[in-house]
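Treat the numbers as computed from the prediction; the structure is a model and nothing was measured. Values reported hereafter were calculated over all heavy atoms of this structure, with side chains retained and with hydrogens, waters and symmetry mates removed.
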Amino acid sequence: TTLEFGGGTHNIENDVTGPGTVAVSAGTVNVNGGTYNVTGNSTTVSGGIMTFNAAATLTSVGPLSVSSGLINFLSAEVVSLPSLNFSGGTISVTGPTTVSGADTKTINTPFNNEGALDVQGGTLRLLGDGTHTGSFTTQTGTTLEFGGGTQGLTGNVTNSGTVEVSAGTVNVNGSTFSGTGMVDILGGIVNTTGTTIVANLFNNQATVNVTDGSLALTGGGTHTGSFTTQTGTTLEFGGGTHNIENDVTGSGTVAVSAGT
């Protein structure tokens, strides 16, 4: 069965449960209270706005599909997303969010992480524009890929898996990358500002620009791509073994404080 909200403004103050499909095709749906527990088919947003507010108890959205419109997760519960299908629209999360399952989940629409996103299984590919003031966590064997658009990252990353930049532009402002994982710059452009610290193994095969502040690489890496420093900035090699195979240019400072 399908419960469709197809226009107007709907304020939901009580439970929405069951094994069917909840569809939002137009209008505004505010889930303000009660328990939302769609266990079977899916929650789909093909237009309009759907918002899960903090007072609601969000147990399960089921497989989530967004093709247009906007979905906001403002609830304090952990949002578990075992299946994602984003082909349009915008998703924004401000609470804790878990991505699980061994498959690859692709978000090719604008995505904003203002909460805490944990990749617990498979690969999460972010291919659209985004602003990420919240944190990311990757578990062993998982991948978080920034693969397109312009993405701004100010939150910290606890990385036990792999963080990849494959395309687009990633602007990193003062983030710290920690953990036992690896950061691979495979394509695109990475611009850093503020005090950015990468304690992971860091491999640059593309372009990294230190445009303001400092970039400290303390985990080693192989760099077949280029580094550029602007006036007043610092590129610091602060640990591990770094093998530089391409250009390091610019008017900033290159510092070696530890490692090889």
Side-chain angles (χ1 to χ4, degrees), residues 92-94 96-97 110-119 124 126-138 144-221 223 225-240 242 244 246-259:
S92 180
V93 298
T94 60
T97 305
F111 174 84
N112 303 310
N113 174 24
E114 301 175 24
L117 193 150
D118 188 354
V119 184
L124 176 62
L126 305 180
L127 306 187
D129 294 341
T131 300
H132 311 300
T133 58
S135 65
F136 288 96
T137 299
T138 64
L144 170 64
E145 178 187 351
F146 297 97
T150 298
Q151 312 217 25
L153 178 63
T154 58
N156 293 328
V157 180
T158 303
N159 178 29
S160 297
T162 301
V163 175
E164 292 182 357
V165 177
S166 60
T169 299
V170 178
N171 299 314
V172 184
N173 183 2
S175 298
T176 296
F177 292 72
S178 61
T180 58
M182 177 170 58
V183 177
D184 283 336
I185 312 302
L186 304 176
I189 298 172
V190 175
N191 301 314
T192 70
T193 58
T195 301
T196 300
I197 301 171
V198 182
N200 301 135
L201 181 68
F202 182 91
N203 301 310
N204 174 24
Q205 300 180 37
T207 301
V208 175
N209 300 316
V210 186
T211 60
D212 182 73
S214 62
L215 170 63
L217 304 177
T218 64
H223 312 301
S226 63
F227 290 94
T228 302
T229 64
Q230 302 298 323
T231 301
T233 67
T234 299
L235 170 63
E236 178 184 357
F237 298 97
H242 295 270
I244 298 174
N246 208 327
D247 298 342
V248 179
T249 60
S251 54
T253 296
V254 175
V256 178
S257 59

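- N171 places none of its side-chain heavy atoms less than 4.5 Å from the side chain of T193.
- Between the NE2 atom in H242 and the CZ atom in F202 there is a gap of 9.5 Å [rounded to 0.5 Å].
- Note that OG1 of T253 and CD of E236 are 11.0 Å apart. Values are rounded to the nearest 0.5 Å.
- Atom-to-atom distance recorded for T176:OG1 and N159:CG is 12.5 Å, nearest 0.5 angstrom.
- The distance from the CG atom of N209 to the CG atom of L235 is 11.0 Å, given to the nearest 0.5 Å.
- No side-chain donor-acceptor contact under 3.5 Å links S175 to the backbone of N156.
- The minimum heavy-atom distance linking L117 with L124 is given by the pair CD2-CD2, 3.7 Å.
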What's the verdict on side chain to side chain contact (heavy atoms under 4.5 Å, CB included) for V190 and N204, showing C-alpha distance, side-chain angles and the deciding distance?
CA-CA 10 Å; V190 175; N204 174 24; over 6 Å; no

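- Listed for the N112 side chain is a donor-acceptor partner under 3.5 Å among the backbone atoms of T131.
- Judged by distance alone, the side chain of Q205 and the main-chain N or O of G187 form no donor-acceptor pair under 3.5 Å.
- L215 has its side chain within reach of V198: a pair of non-hydrogen atoms, C-beta onward, lies under 4.5 Å apart.
- Here the closest heavy-atom approach between residue G147 and residue S166 is recorded as CA-OG, 3.3 Å.
- With hydrogens and angles disregarded, a donor-acceptor distance shorter than 3.5 Å links the side chain of S251 to the backbone of T231.
- Within the model, atoms OG of S135 and CG of L153 stand 10.0 Å from one another, a figure rounded to the nearest 0.5 Å.
- Exactly one of D247, L217, V254 qualifies for a side-chain contact (heavy atoms from CB on, under 4.5 Å) with F227. That residue is L217.
- Shortest non-hydrogen contact noted between T234 and A255 is CG2-CB, 4.1 Å.
- Classified by interplanar angle (parallel below 30°, tilted 30° to 60°, perpendicular above 60°), the ring pair H132/F111 is tilted.
- Residues A199 and S178 come closest through the heavy atom pair CB-CA, 4.4 Å.
- The shortest side-chain heavy-atom distance between T133 and E114 falls under the 4.5 Å cut-off.
- Listed for the N200 side chain is no donor-acceptor partner under 3.5 Å among the backbone atoms of G219.
- The CG atom of N173 lies 6.5 Å from the OG1 atom of T154; values are rounded to the nearest 0.5 Å.
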